[in-house]
Chemist: 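Just dropping this structure here.
The figures that follow rest on heavy atoms only: side chains count, while hydrogens, waters and symmetry mates do not. In each ligand, atom 1 is the first atom listed, and ligand 1 is the first ligand listed. Quick caveat, the model's predicted, so the values are computed rather than measured.
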Amino acid sequence: MKTSWTLKKYYFIICILLILQHVYSNKIINGLEEEVKKSEFPNGFLFGTSTSAYQVEGAYIEDGRSLSNWDTYCHINGVIPNGGSGDIADDHYHRYLEDIDLMASLGVNAYRFSISWSRILPRGKLGHVNPAGIKFYNNIIDSLLLKGIIPFVTIHHYDYPQEFEDRFQAWLSPLMQEEFVHFAEICFKSFGNRVKYWATLNEPNLYMEMAYLKGVFPPSHCSPPFGKCSYGNSDIEPLLVVHNSILAHAKAVKIYRDQFQEKQGGTIGMVASAYMYKPMTDNEADNKATNRALAFRVAWLLDPLVYGDYPIEMRHYLGTKLPIFNGEEKILIKNSTDFIGLNHYTTYFAKDCLNSNCTCMESDVLCTHGENRAIRGYVLITGQKDGAYIGDQMGMPGLYVVPQGMEDIVDYVNKRYNNLPIFVTENGYASNENQEGYDMDQDRKRIKYHKAYLASLARSIRNGADVRGYFVWSLMDNFEWRFGYTVKFGLYHVDPFSLNRSPKLSAHWFRDFLTNTTLNNIQAKSTI
Ligand SMILES: *[C@@H]1O[C@H](CO)[C@@H](O)[C@H](O)[C@H]1NC(C)=O
Ligand SMILES: *[C@@H]1O[C@H](CO)[C@@H](O)[C@H](O)[C@H]1NC(C)=O
Ligand SMILES: *[C@@H]1O[C@H](CO)[C@@H](O)[C@H](O)[C@H]1NC(C)=O
């Protein structure tokens with residue numbers, strides 16, 4: 001009896017030690033900054049920076065480019081803070097060589113960028129291919145390769161010729177599928193001999209929300225209770241937009257696989273917006289609500305691409321509102337992605353609205369007033385619980401620092417999609433500064449954010465996820481959609497008048513992380 005009691009005490013002490021060791025090894029003790037090493041990532045891992053065409057290029061009416069949906073939208077007075085637009089943006093169109101030099105100096109081995117549809121096909125299928133557009137992206141690709149930087153190309157990232165909107169309502173129409181396939185095919189033909197990583201579409205599962213549910217991106221469609229727009233139906237249109245996006249993706253992938261993949265030797269996938277969710281309480285209803293949140297946001301897009309149909313939860317709650325893939329389409333979309341691209345920034349609480357009253361707080365930026373509707377999965381999503389935030393607030397309303405979310409979302413995607421290769425195509429820290437500003441304290445938080453999220457990503461890799469790349473959003477401060485130039489994600493500061501780029505502390509940190517040099521006094525290195 002006595003020995004067994006001693007044994008129990010012994011086991012008890014071992015347990016405590018193991019827990020402590022776990023806590024320390026995960027560095028989840030308050031105040032202890034997470035450290036992460038490049039060597040924790042596999043060989044050949046892509047480390048890069050990310051941008052998109054409309055956010056950085058400028059030159060909006062040069063060399064045959066037609067007006068895009070975003071040009072039209074930004075030129076409507078008052079929609080973007082301080083009258084902001086992508087007319088000039090970072091003038092990357094003229095400064096791409098300098099920008100590629102910046103990337104080379106960071107030591108990245110990859111760059112994710114997107115192609116301006118209206119530069120390549122000013123009138124879509126109705127018009128010609130614009131040689132100046134092809135030349136511009138040829139120059140970028142060739143210059144990257146010269147510096148040993150791998151191009152990772154998003155074909156479509158939010159911007160398309162305005163004409164599509166005027167003629168057939170763009171993503172609301174199946175005609176957009178054919179337009180996209182045409183565009184993608186021209187990209188494969190023109191650039192595929194050098195581009196080995198293709199992402200078809202960027203975040204249709206976020207675009208639908210901004211553009212067709214809340215109406216805060218072009219074409220500003222929405223309906224009550226989600227918002228007051230002159231046109232739209234928030235309960236239906238987001239479903240059609242994602243449906244057309246999935247079919248457009250799958251048709252482009254089929255062409256790539258049938259006609260290009262073998263000789264060009266590349267890989268093709270889709271990029272999803274992928275927030276993580278935690279149950280508001282540990283009751284069963286909130287746990288189920290968390291699963292619904294993931295199904296209605298992430299699996300909505302990814303289940304069709306892997307399994308050939310929408311998640312059953314969506315069919316259950318949306319019924320006939322959710323479009324149907326016919327037999328042929330199911331075959332087309334199933335297994336239509338070589339990899340999964342995840343844009344991950346933050347984590348939210350999920351609260352059940354099936355069994356409880358979900359009136360959200362007016363002051364909560366995430367509140368849509370339609371929490372208790374099928375399109376939202378009967379889930380309230382918020383960053384607050386009992387007056388406290390889920391993590392430190394970033395400079396963009398509704399973003400919080402929750403590093404553990406990275407491991408959790410990658411684990412979720414890894415398990416649900418049988419270990420498909422994953423690229424983290426965006427991850428970044430938003431600071432809120434005036435246009436000229438550089439706030440070093442916020443940038444220090446950016447460094448801390450990237451370290452902690454990378455450490456979390458490294459854990460998911462140790463858990464067995466096949467993660468192959470990580471792209472910082474963004475290379476430089478740029479046009480942040482409806483926030484204009486008031487929210488900044490860049491590793492480089494861009495002066496709004498001279499457009500000169502200068503490295504922030506976070507750029508030095510990333511370079512040191514990538515080039516494996518020892519940091520002695522990072523503070524001393526600021527050049528701003
Ligand atoms: C740096 O390189 C050395 C030797 O190549 C390696 O042992 C170490 O783990 C690396 N450190 C980081 C931070 O990657
Ligand atoms: C999915 O498609 C790829 C490319 O066509 C093929 O190599 C792979 O075997 C397919 N996987 C499954 C599970 O069908
Ligand atoms: C839900 O809460 C709102 C505001 O507190 C209240 O007006 C409404 O009657 C409640 N509904 C139910 C079903 O309890």
Chemist: Under 4.0 Å between a Lys/Arg side-chain N and an Asp/Glu carboxylate O for Lys330 and Asp309?
Modeler: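 Salt bridge flag = yes for Asp309 with Lys330.
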
Chemist: Who are the residue neighbours of ligand 2 when the rule is a heavy atom under 4.0 Å from any of its atoms?
Modeler: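 Near ligand 2, by chain and number: Arg257, Asn335.
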
Chemist: Which residue pairs pass the disulfide bond (SG atoms under 2.5 Å apart) test when at least one of the two sits in residues 277-353, sequence neighbours left out?
Modeler: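 Qualifying pairs, neighbours excluded: Cys353-Cys358.
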
Chemist: Are a donor atom and an acceptor atom from the side chains of Thr200 and His249 found within less than 3.5 Å of each other?
Modeler: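 Looking only at side-chain atoms, His249 and Thr200 do form a donor-acceptor pair, the distance falling under 3.5 Å.
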
Chemist: Using a strict threshold of under 4.0 Å (side-chain N to carboxylate O), is an ion pair present between Lys125 and Glu179?
Modeler: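 Looking at Glu179 and Lys125, the cut-off is not met.
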
Chemist: Has Arg123 got its NZ or CZ under 6.0 Å from the middle of the six-membered ring of Phe164, at an angle within 45 degrees of the ring axis?
Modeler: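 No, Arg123 does not sit over the ring of Phe164.
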
Chemist: Quick one: does NZ or CZ of Arg65 land under 6.0 Å from the six-membered ring centre of Tyr60, within 45 degrees of the ring axis?
Modeler: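 Judged by the rule (NZ or CZ under 6.0 Å from the ring centre, within 45° of its axis), Arg65 is not positioned above Tyr60.
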
